[in-house]
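Quick notes on the structure that follows.
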There are 2 protein chains.
Amino acid sequence: MTVTIYDVAREAGVSMATVSRVVNNNPNVKPQTRKKVYEAIDRLGYRPNAVARGLASKKTTTVGVVIPDISNSNFAEVARGIEDIANMYHYNIILCSADKRKDKEIRVINTLLEKQVDGLLFMGGAVTDEHKQAFKTANVPVVLCATTDEQNEIPSVDIDHEAAAYDAVKTLIGHGHRDIAMISGTLQDPSVGYARYQGYKRALQEAGIPEREDFVRVGNYRYESGIEAMGHFLEPDKLPSAVFAATDEMAIGAIHAIQDKGLSVPGDISVISVDNSRMAEMVRPTLSAVAQPMYDIGAVSMRLLTKLMKKEPVEQSKVILPHDVVKRNSAGAAQA
Amino acid sequence: MTVTIYDVAREAGVSMATVSRVVNNNPNVKPQTRKKVYEAIDRLGYRPNAVARGLASKKTTTVGVVIPDISNSNFAEVARGIEDIANMYHYNIILCSADKRKDKEIRVINTLLEKQVDGLLFMGGAVTDEHKQAFKTANVPVVLCATTDEQNEIPSVDIDHEAAAYDAVKTLIGHGHRDIAMISGTLQDPSVGYARYQGYKRALQEAGIPEREDFVRVGNYRYESGIEAMGHFLEPDKLPSAVFAATDEMAIGAIHAIQDKGLSVPGDISVISVDNSRMAEMVRPTLSAVAQPMYDIGAVSMRLLTKLMKKEPVEQSKVILPHDVVKRNSAGAAQA
DNA sequence: CTGTTAGCGCATTCAG
DNA sequence: CTGAATGCGCTAACAG
């Protein structure tokens with residue numbers, strides 16, 4: 001049923017070694033022989049068996065990518081960056097979703113390793129000791145992508161989430177705002193949620209603005225939680241003049257909550273966030289946000305991984321990509 | 001360096017066959033022996049080599065999934081459905097993105113086949129003869145997912161796009177609208193773009209409404225193109241009273257274009273679309289839309305594939321899942 | 001219940 | 001430039 005390298009050899013009147021050579025683009029084959037082999041391949045419809053090849057060569061030219069949540073557009077964008085660079089270097093990628101669940105992450109890492117991937121890209125999510133344990137038993141390079149290892153033991157590519165938040169809030173302060181509320185993500189997540197909260201605090205502190213506990217609400221990154229969180233700020237006695245949301249979705253929720261109260265954005269309250277997803281352009285007013293270079297994070301981390309896999313020297317094993325605040329129409333000057 | 005089944009056998013004082021048996025949960029092993037083997041495995045940190053296993057057993061318990069565009073949330077949702085069912089049946093999945101490019105789709109199908117996947121799920125996009133040719137050489141089952149084969153040669157799971165569009169437009173007609181414009185996707189795409197246009201036409205026809213050529217604009221499924229298309233309808237002499245958009249994004253673009261002209265939705269113009277993405281809840285007014293069961297399409301197609309892979313009988317190889325019109329606030333009664 | 005023996009399809013020495 | 005031989009790590013009969 002399945003045609004093997006051996007069948008091709010017979011058909012072409014050469015040895016299987018020769019067939020193997022032409023399939024692998026080994027230059028030591030006479031052009032004429034090469035031609036004969038190609039013809040035999042076409043005639044028989046031969047398709048190399050990557051599994052057998054992997055076993056014989058101990059390389060699969062495949063890298064495993066674990067993605068926390070495929071339906072999160074940020075991660076999808078990272079994945080695109082990974083894909084593009086992987087293709088460029090002729091690696092295939094196996095994308096595995098882990099539903100943001102740690103146990104599934106570990107399981108997925110292990111099946112990827114069983115499949116003998118040549119390298120591993122771990123995207124998003126916290127990196128615990130258990131993760132590191134799994135990575136350690138891998139005999140292949142691992143790079144973290146859109147997340148970091150606090151102890152700097154594992155190569156990673158990410159942005160500085162604390163600084164991104166800081167810059168967002170500072171933009172607000174630059175507009176003259178002082179009553180700045182924050183709709184945060186979960187503070188349990190050290191690399192993103194907590195870091196952004198830290199950035200918010202640092203910006204306030206630096207401007208000499210005392211932090212008000214009732215000006216911080218924790219959401220779950222989603223639209224609805226933005227509405228809900230904003231609801232708590234929309235009381236006459238504690239109206240903020242600006243709001244910093246940890247994600248675009250929550251920011252859009254906040255904007256709608258504000259508008260539903262008959263107030264205007266940015267006339268009455270300014271809003272800024274971190275993400276700069278496509279949705280930022282799809283709201284009225286358009287959303288000012290700190291842009292994270294998700295595609296680049298993917299691309300750079302994949303590039304780094306290729307170097308590691310080829311045992312090439314790398315200058316930096318922990319890279320931080322720059323972010324950028326994109327001013328649109330949701331944030332403006334504070335009222336006099 | 002790498003520890004093999006043979007090392008485990010020696011460590012446990014049994015033969016490699018026995019180790020293989022315990023690893024594969026073969027019941028014919030004395031509990032005591034099993035225990036010894038497990039201990040040896042732990043001690044050595046043995047990890048089965050899926051590549052060798054695949055070569056020996058000619059099965060990889062892996063299915064390949066080609067996805068047109070990973071950053072499209074509809075497809076991401078389908079992928080989630082696939083994932084969940086795959087996990088349930090202990091299959092791994094290899095997700096490959098194809099950038100909506102036919103050449104890349106073909107290439108990806110082939111590398112997946114080289115990797116000896118046990119089955120293939122082809123998501124979205126048109127199915128050409130070239131695709132079929134590639135599928136034919138596969139010795140494994142293939143199912144189309146969120147797309148269909150016009151000739152019904154290949155098993156598929158999808159919704160009836162024509163009927164979905166028809167129902168959307170009919171909803172508008174039910175509200176008393178007669179001047180109904182359409183913002184279509186590309187008419188080149190038979191399974192989605194063209195089908196939705198057909199549904200629009202059929203609904204008008206049935207209601208005895210003559211089709212107006214200047215009431216149809218083709219967009220590219222994106223927000224900006226919705227704005228642009230709507231712009232053409234917003235001329236005094238040909239204002240439609242309702243708009244049917246082929247996607248949520250274009251619908252939202254249309255809504256904003258209408259609002260920017262100082263008109264109201266649905267007061268002046270009603271809008272309805274197909275998709276019912278998360279964004280439908282994230283606009284003001286919230287968007288009425290025909291919901292497509294993307295997750296289910298993924299789940300059902302994966303389930304179908306498992307049956308095919310196990311050579312179980314299947315009652316239906318072409319399944320159409322029901323859609324549903326979700327009424328929100330963007331579509332209302334026509335003005336008297 | 002357990003061990004022995006062949007391959008799976010291919011890359012890779014090593015000769016020639 | 002080409003062929004013969006070996007083994008990658010494991011499963012699957014086949015014996016016992």
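All chains are named by letter (A, B, ...) in the order of the sequence lines, taking the proteins before the strands, and each is independently numbered beginning at 1.
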Minimum side-chain heavy-atom gap A:Val314-A:Pro155 below 4.5 Å: no
C:dA11 OP1/OP2 closer than 4.0 Å to side-chain N/O of A:Ser20: yes
Whole-Å distance separating the CD1 atom of B:Ile41 from the P atom of D:dC10: 10 Å
Separation of B:Arg101 CZ from B:Ile106 CD1 (nearest 0.5 Å): 12.0 Å
Phosphate OP1/OP2 of D:dG9 contacted by B:Arg53 side-chain N/O (<4.0 Å): no
N or O in side chain of A:Tyr6 less than 4.0 angstrom from D:dA4 OP1/OP2: no
Rounded interatomic separation in angstrom, taking CG from B:Asn24 and P from D:dG9: 17 Å
Nearest-angstrom distance from the residue atom CG of B:Asp7 to C1' of D:dG9: 10 Å
Minimum side-chain heavy-atom gap A:Lys104-B:Asn87 below 4.5 Å: yes
d(NZ, A:Lys59; P, C:dC10) in whole Å: 17 Å
Spacing of CD1 belonging to A:Ile94 relative to CG belonging to B:Asn92, to within rounding of 0.5 Å: 8.0 Å
Protein proximity profile, nucleotides 1-8 of chain C - base contact B, sugar-phosphate-only contact S, no contact -, cut-off 4.0 Å on heavy atoms: SBBB--BB
No-hydrogen, no-angle side-chain donor-acceptor test under 3.5 Å, B:Asn28 and B:Arg21: no
Side-chain heavy atoms of B:Val63 within contact of B:Val140, under 4.5 Å: no
Nearest-0.5 Å distance that lies between atom CG in A:Asp158 and atom CE in A:Met123: 11.5 Å
Rounded distance (nearest 0.5 Å) linking atom OG1 of B:Thr147 with atom CD1 of B:Ile159: 11.5 Å
Approximate separation, where rounding is to 0.5 Å, of B:Thr18 OG1 and B:Lys36 NZ: 9.0 Å
A:Arg10 CZ - D:dT2 P separation (whole Å): 20 Å
Positions of residues 135-142 of chain B (non-hydrogen atom under 4.0 Å from DNA chain C), listed by number: none
Spacing of B:Lys115 atom NZ relative to C:dG9 atom P, expressed in whole Å: 18 Å
Side-chain touch A:Tyr6/A:Val19, heavy atoms, less than 4.5 angstrom: no
Heavy-atom check, side chain of B:Tyr91 versus side chain of B:Met309, under 4.5 Å: yes
A:Glu114 CD to D:dC10 P, straight-line distance once rounded to whole Å: 10 Å
Degree of bending, the helix from C:dC1-D:dG16 to C:dG16-D:dC1 (end axes from five pairs; round to 10°): 30°
